[in-house]
Peer 1: 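Submitted below is the structure of interest, expressed as structure tokens.
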Amino acid sequence: MKFDVITLFPNMIKDACSHSMLSRALNTGIISINTINPRDYTLDKHKKVDDTPYGGGAGMVLMCQPYFDAFDSIQKDEHTEVFLLSPQGQKFEQTTACELSEKKHIILICGHYEGFDERIKIYTKAKEISIGDFVLTGGELPALCIIDAVSRNIEGFLGKIESAKKDSFSDGLLEHPQYTKPREFRGLNVPEILFSGNHSKIDEWRRRQQLLVTARKRPDLIAKFKKNCNNSKDLKLLNEVLFPKTEYDRNVD
Ligand SMILES: C[S@@+](CC[C@H](N)C(=O)[O-])C[C@H]1O[C@@H](n2cnc3c(N)ncnc32)[C@H](O)[C@@H]1O
């Protein structure tokens with residue numbers, strides 16, 4: 001997967017990608033990340049990339065020319081996906097990360113200051129993409145979030161691709177709780193079932209926990225899951241989680 005990032009602050013991208021899994025993926029060639037700085041494409045001697053907004057108002061707006069030329073410098077084909085980072089864009093989610101991990105080439109255009117001259121979006125035919133309903137100073141952190149989340153889903157990025165497939169949101173639910181050694185720490189115990197060696201029981205416990213955790217933390221996701229679910233085992237577990245039996249029910253049963 002090739003990422004081209006158009007940014008006025010290439011070191012923000014390079015530095016952040018020089019650690020941990022992203023750095024390993026770069027070294028093994030699973031991904032490549034190239035930065036293009038619009039400032040290198042300015043035509044005036046002051047390397048100006050922004051100007052005051054027409055119609056007045058605060059802040060500076062990114063100018064067309066350096067961004068058009070930076071964009072034109074990138075080799076593209078019909079499979080290239082172009083995104084413009086913007087708080088006004090379509091929300092980036094885990095499903096987007098999984099879909100994009102199948103692509104070969106992604107261009108991310110980072111804004112700054114007051115944002116882009118509107119014609120940059122039109123010229124590049126970019127889709128606007130947002131990482132949430134809040135406003136950051138620039139598009140570099142959102143671009144890094146996207147690079148990281150997409151890369152996790154590329155075969156070979158993680159030791160086992162199943163790790164990404166079991167992550168929260170992958171099948172619409174949050175992940176179940178995880179535990180590691182020691183078995184007991186300061187009076188806090190790991191659930192007994194995890195030592196049973198009975199893998200089908202452990203799987204069922206984990207699924208129940210997923211449903212429980214999601215119902216508690218993200219009822220919006222549970223509602224969506226319930227609507228789309230056609231797995232009878234999941235639906236039965238969900239029913240048990242949402243409507244646990246009371247003492248009275250048990251006596252009547
Ligand atoms: C200060 S913001 C500009 C916000 C713009 N004036 C507005 O209100 O829509 C500067 C740049 O940061 C990036 N940015 C800020 N928040 C973002 C978000 N939630 N998702 C994606 N990009 C964001 C965009 O590239 C944006 O052009």
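When a ligand or atom number is given, it counts from 1 through the structure's own listing order.
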Peer 1: So, regarding G132 and ligand 1 (criterion: nitrogen or oxygen to nitrogen or oxygen, under 3.5 Å), is there a contact or not?
Peer 2: yes
Peer 1: Among all the protein's non-hydrogen atoms, which is closest to atom 19 (N) of ligand 1, and how far away is it?
Peer 2: F134 O, 2.8 Å
Peer 1: Name the closest protein heavy atom to atom 2 (S) of ligand 1, giving the residue it belongs to and the distance to 0.1 Å.
Peer 2: L136 O, 3.2 Å
Peer 1: Going by atom types alone, do Y54 and D117 pair a side-chain donor with an acceptor below 3.5 Å?
Peer 2: no
Peer 1: Determine whether any heavy atom of L62 lies closer than 4.0 Å to an atom of ligand 1.
Peer 2: no
Peer 1: Do the numbers put K76 on top of the ring of F71, so that NZ or CZ is under 6.0 Å from the six-membered ring centre and no more than 45° off the axis?
Peer 2: yes
Peer 1: Are a donor atom and an acceptor atom from the side chains of T246 and D249 found within less than 3.5 Å of each other?
Peer 2: yes
Peer 1: Does Y113 come within less than 4.0 angstrom of ligand 1, counting non-hydrogen atoms of the residue?
Peer 2: yes
Peer 1: With heavy atoms of G139 as the reference, note each atom of ligand 1 found under 4.0 Å away.
Peer 2: 12 (O), 13 (C), 25 (O)
Peer 1: Identify the protein heavy atom lying closest to atom 22 (N) of ligand 1, giving its residue, its atom name and the separation to 0.1 Å.
Peer 2: S86 N, 3.3 Å
Peer 1: If you measure every N or O of I129 against every N or O of ligand 1, does any of those distances drop under 3.5 Å?
Peer 2: no
Peer 1: Quick test: of every protein heavy atom, which one is nearest to atom 9 (O) of ligand 1, and how far off is it to 0.1 Å?
Peer 2: Q88 NE2, 3.0 Å
Peer 1: State, with a plain yes or no, whether a side-chain heavy atom of M21 is found less than 4.5 Å away from one of R152.
Peer 2: no
Peer 1: Without swapping roles, check the side chain of K48 against the backbone of D50 for a donor-acceptor pair under 3.5 Å.
Peer 2: yes
Peer 1: Could you tell me which atoms of ligand 1, counted from 1 in the order shown, lie closer than 4.0 angstrom to a heavy atom of P142?
Peer 2: 21 (C), 22 (N), 23 (C)
Peer 1: Between the side chains of E204 and K233, is the shortest nitrogen-to-carboxylate-oxygen separation below 4.0 Å, so that they form an ion pair?
Peer 2: no
Peer 1: Is it the case that ligand 1 has an N or O less than 3.5 angstrom from some N or O of G111?
Peer 2: yes
Peer 1: Compute the shortest N/O to N/O distance between C110 and ligand 1 and return yes if it is under 3.5 Å, no if not.
Peer 2: no
Peer 1: Could you check atom 20 (N) of ligand 1 against the protein and tell me its nearest heavy-atom contact, residue, atom and distance included?
Peer 2: I131 N, 3.1 Å
Peer 1: Looking only at N/O atoms, are V135 and ligand 1 under 3.5 Å apart anywhere?
Peer 2: no
Peer 1: Among all the protein's non-hydrogen atoms, which is closest to atom 25 (O) of ligand 1, and how far away is it?
Peer 2: L85 O, 2.7 Å
Peer 1: Would one find more than 12 heavy atoms of other residues, nucleotides or ligands at under 6.0 Å from atom NZ of K2?
Peer 2: yes
Peer 1: Taking non-hydrogen atoms only, is T137 closer than 4.0 angstrom to ligand 1 via side chain, backbone, both or neither?
Peer 2: backbone
Peer 1: For the side chain to side chain contact (heavy atoms under 4.5 Å, CB included) test, which of T214, V213, L238 pairs with L173?
Peer 2: T214
Peer 1: Pull out every atom of ligand 1 sitting under 4.0 Å from any heavy atom of G115, numbered as shown with elements.
Peer 2: 27 (O)
Peer 1: Which of the atoms of ligand 1 are close to E114, meaning less than 4.0 Å from one of its heavy atoms?
Peer 2: 3 (C), 5 (C), 6 (N)
Peer 1: Judged by modelled atom types alone, do R206 and Q209 share a side-chain donor-acceptor pair under 3.5 Å?
Peer 2: no
Peer 1: Do L100 and F92 have side chains that approach each other closer than 4.5 Å (heavy atoms only, starting at C-beta)?
Peer 2: yes
Peer 1: Using a strict threshold of under 4.0 Å (side-chain N to carboxylate O), is an ion pair present between D77 and K104?
Peer 2: no
Peer 1: Polar-atom distance check: F116 versus ligand 1, any N or O pair below 3.5 Å?
Peer 2: no
Peer 1: For R39, does the CZ atom have more than 12 heavy-atom neighbours from other residues, nucleotides or ligands under 6.0 Å away?
Peer 2: yes
